Protein chains: 2
Amino acid sequence: MPSSLKIDESVVEDDAAYPITVTLRHLTEEEATPKQSSTSANGQGTQDGLFRSNLAKDDTQDLLDASKINARANSEEVIHAKYMIGADGAHSWTRNQIGLKLEGDSTDYIWGVLDIVPITDFPDIRMRCAIHSADCGSIMVIPRENKLVRLYIQLTTTNQKAGDNSSRADRSKINPQMILESAQRILAPYKITYRKLDWWTAYQIGQRVGTSFSVLERVFLAGDAVHTHSPKAGQGMNVSMQDSFNLGWKIASVVKGHARRSILKTYQSERRRIAQDLIAFDHKFSRLFSGRPAKDVMDAEGISMEEFKAAFEKGNMFASGIAVNYGASAIVAKEGSSEEQGDGTDVSVAIAKHRVISDQSLCGGITVGMRIPSHKVLSQADARPWHLHEVLPSNGRWRVVVFAGNTNENQQRDKLWKLSEAFSAPDSFLNLYTPKGARSDGVFEVLLIHNAPRQSVTVLDFPEVFRPFDEIDGWDYNKIFVDDVSYHEGFGNIYEALGIPQNGCIVIIRPDQYVSYVGSMEKTAAVNSFFAGFMKEQHVPYEAQPNGTQV
Amino acid sequence: MPSSLKIDESVVEDDAAYPITVTLRHLTEEEATPKQSSTSANGQGTQDGLFRSNLAKDDTQDLLDASKINARANSEEVIHAKYMIGADGAHSWTRNQIGLKLEGDSTDYIWGVLDIVPITDFPDIRMRCAIHSADCGSIMVIPRENKLVRLYIQLTTTNQKAGDNSSRADRSKINPQMILESAQRILAPYKITYRKLDWWTAYQIGQRVGTSFSVLERVFLAGDAVHTHSPKAGQGMNVSMQDSFNLGWKIASVVKGHARRSILKTYQSERRRIAQDLIAFDHKFSRLFSGRPAKDVMDAEGISMEEFKAAFEKGNMFASGIAVNYGASAIVAKEGSSEEQGDGTDVSVAIAKHRVISDQSLCGGITVGMRIPSHKVLSQADARPWHLHEVLPSNGRWRVVVFAGNTNENQQRDKLWKLSEAFSAPDSFLNLYTPKGARSDGVFEVLLIHNAPRQSVTVLDFPEVFRPFDEIDGWDYNKIFVDDVSYHEGFGNIYEALGIPQNGCIVIIRPDQYVSYVGSMEKTAAVNSFFAGFMKEQHVPYEAQPNGTQV
Ligand SMILES: Cc1cc2nc3c(=O)[nH]c(=O)nc-3n(C[C@H](O)[C@H](O)[C@H](O)COP(=O)(O)OP(=O)(O)OC[C@H]3O[C@@H](n4cnc5c(N)ncnc54)[C@H](O)[C@@H]3O)c2cc1C
Ligand SMILES: Cc1cc2nc3c(=O)[nH]c(=O)nc-3n(C[C@H](O)[C@H](O)[C@H](O)COP(=O)(O)OP(=O)(O)OC[C@H]3O[C@@H](n4cnc5c(N)ncnc54)[C@H](O)[C@@H]3O)c2cc1C
């Protein structure tokens, strides 16, 4: 367990330095796995989530103190690190160490959760639904495996200063029976009871977000450590994982020496903005949940069920990440101010000549800043259908996808060969920013999606940049795709779905599948400029780079 | 390893007896895991499949002899068993013990197999294809994971008596280089070579099938132990697994005391017929493979590529088991002679009044004797789409599926309630053949698929036989389905696809998903008769049954 954290601010901009020092204290096996708490319900012990829930006191300091007086008291380890991520939950020790604050509402909500096998005459109990009673509050129903159903009920609220432990709710008053009785009141006239209680918990939560997401882009916070919100929209885990997904590839590419440190600022700009938007949405959603349903369309004070439904749907978009649209920055080439489109941080390109703007109007179905939508494409080599997202695995590589149109037409074929020449030139992004001696697709993967009839061409008809040759492995067969009908899984129709023009386009896709840039096939210079804005030229072979591969 | 096998013929028809005695001899860890053989190719050792392949001598006796002279020499174990399955491959020790013979062709084929990462200008190398050269034979190309491609080449044939080890091919002449050279000749003018050889083998195989598949329905043979054929259609593993799949549930239901021993005869009747059909097909297919391709349509001696393609497609049907159509028997209620439709064994119902014939014309898309085709249906309780096959897991249960049509119509609703009364009566199959005290769906699962609009009804609107109630688990929500459009996965349209009439029908499905019976909703008596033909009435509670649950 960490016991101290220091940052040497004088070397934070030095790529080779290890500015972070963390001291770890070893816990015994026993200390490291404290007992789960359990409740006696229905005459049998049932695990509850009160252990380390937000209703229990934070036990980090107790654990550290306890470990000092035991046999291995002095067993400590000191770690020097380039980067550190505090994904240590709502009580975040890291956040406290670096002195970052959460800001937001002063109200905390108390929620009760039951995992039961319900016995009920409510016919929709196996549907994911929300039940809004006339005046006993509302309930969220989440059907699970093995006939289990999870019920979420907001029990009460408490007014307190954010982070003030003293005013926590009196947890002894909350037990499964009390949560069940709330559920019964809300569900009436339907009846609900249970004989099997699998798990239950109660927890307290506020709507708050960190003022900053990192210290000097060396120590970062992610997940519940830096934003908390109600469980209503089921966002916590989704948004938290997306934080780390956003941050992971950025740190990796800086540590590997591929990208400059400047891209790290985009983490806060992109993710803090999302957390802010989510909390705004959560505020509205919470009001819809706790309010009284409207009696009829004339009842202005009540909550309209139409509005409720619309908010529910928006929540699903949030959860799946499909609604996210990252603002302009060095890694998202679009119009407008990076400060306004993000959380206020300036993340634009430092050198004006590297500023590139996408031709957003080129493809109606691709929005720069959003994830590229997935449709099926066929591998040219074996005719197998793949979802586009399947061929963009999150392995840290950038993708430059060339939609070349019908390459049986002279014009498109000529453009494709010219583009390939530019991509293969000594001063192209591919050659400047890929370390010498690394795989040719180690940093950038150049993919082709054409729409000439599949059977009219073969892999060997296309430029070698799309099918690099390896002495031992032969040609690469996984970079050329075609928009044509598959044998068994229908027609993906990606050109039509994404609105790709018949004269083609180039799309740059980030390692996390968000679109950085869209432009015409002729604009190979723009692609070079885009990467010049944040990538590092590679002069020495990969292996020989100082500290090139260590974290 | 087994060293002897005896069958006490005097008690084979006694359900409680253990007529089989097998003696096992313990091998040491070392003896039990003999070294794989490997070849030096390309300067590095590569595992080959010659270890225990059909080109090597059978080593069972050597292993047994060796184990006798080692320290644990006398460590033997004697097992008394009700049933035994010999799935011990082409050299089957079990087959030799019980003295069963394979009959068939006297020609053996020698095949070479290479698993390589090919370096080639042949553009279809990532396609599953067959290449037929003008006069150098043919090759099968099977693309695999990690850029590997498997090549199958028939190298030569050998005339020998079936099972005569002395005339085995001279294996020392076969090596990866020799197989590659064959491939190069066949593929010319394209070139092929490799730097990575992952695995290779050569083996010898004939086309033979056992004269019988069991001794007294106590010791059974399955898989390569009882039929062998060329690898061209990739059938060996598929057909072998389907043997055991066919046999497994039958033995289990006899051992559990649910069904009478008479159903065990259907194993040979069904599976030996399949093996015979497959070998007939394999003969034809082999000729197509080794013959010279036709030069043009006028070349009557050459092999027509159209014919070749048709045979290839038929092979795929075989492999997936979709083409299988089991003949009439006690467990397949259809017209015709069981001897003619099977391998000659009489497997018809013993007592005439239990003979039931399906109304095969009722549903165009369901063929009695074949697997029921799968289409998507929605769960009434939660609107989730399921493939029909997903709700028919192979857990040994029979399914009685009631297609009730639109139960909002009075006529269909009345028929459904009458049917439910019959199914719930004390003398129904459900009550006669389900052991007292077992789960109500432990032997038969009664499923409903209606096509009233999903939102117009709820689970609780249907008879309880389709949603049994349990004091602890509440209602069963997984037995009522509806043919309606799903939220995200389209419309399964199962009524239309299977040609279910609007006045509904009853379909009985075996534990292995093959259809036993189709009849109208009114014919509940036929369902009772069908099961009376081979099930055992249950008088004592499940637990108290003598030997009821042991194998
Ligand atoms: C009852 C309940 C139901 C929920 N349901 C949903 C839902 O349906 N969908 C959804 O998206 N979200 C849901 N959430 C929210 C979701 O659980 C959280 O948002 C998510 O777990 C946050 O992930 P995290 O990794 O940031 O933090 P956590 O999951 O809290 O992980 C932090 C980890 O760090 C460890 N840790 C803490 N301090 C230290 C230390 N000093 N040293 C070492 N390790 C430390 C902790 O032990 C813990 O393992 C729910 C939350 C609750 C309480
Ligand atoms: C090179 C090659 C490629 C093939 N490719 C395909 C293909 O693509 N598709 C396909 O469907 N089929 C293929 N086949 C055929 C397929 O492998 C066989 O049909 C299938 O393995 C038969 O299964 P089985 O269980 O009956 O026998 P086996 O797989 O031979 O299994 C028998 C087992 O019993 C064990 N055994 C034997 N004697 C004893 C004993 N006395 N005591 C204890 N254990 C014993 C053996 O060690 C072995 O594990 C291929 C075969 C070969 C040789």
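A quick note: this is a predicted structure, and the numbers were derived from the prediction, not measured. Order of the sequence lines fixes the chain letters, A, B, ..., with proteins taken first and strands second; residue numbering starts at 1 for each chain.
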Rounded distance (nearest 0.5 Å) linking atom CZ of A/Arg128 with atom CG of B/Asp382: 13.5 Å
Residues that A/Ser138 engages under side chain to side chain contact (heavy atoms under 4.5 Å, CB included), provided they are two or more places apart: A/His132, A/Phe289
Enclosure of A/Glu496 CD (heavy-atom neighbours >12, cutoff 6.0 Å): no
Counterpart residues, ring pair (Phe, Tyr, Trp, His ring centres under 6.0 Å), relative to A/Phe491 (two or more places apart): none
Pairwise distance CG(A/Asp473) to CZ(B/Arg195) - rounded to 0.5 angstrom: 10.0 Å
Partners passing side chain to side chain contact (heavy atoms under 4.5 Å, CB included) against B/Glu306 (at least two apart in sequence or in another chain): B/Ser304
Close approach to chain B in residues 450-472 of chain A, criterion heavy atom under 4.5 Å: A/Arg454, A/Thr458, A/Leu460, A/Phe469, A/Glu471, A/Ile472
B/Tyr477 vs A/Ile125 side-chain heavy atoms within contact, under 4.5 Å: yes
Heavy-atom pair of closest approach, residues A/Met127 and B/Ala381: CE-O, 3.5 Å
Inter-residue atom distance A/Arg126.CZ - B/Trp475.CH2, 0.5 Å rounding: 15.5 Å
B/Thr120, part contacting chain A, at a heavy-atom distance under 4.5 Å: both
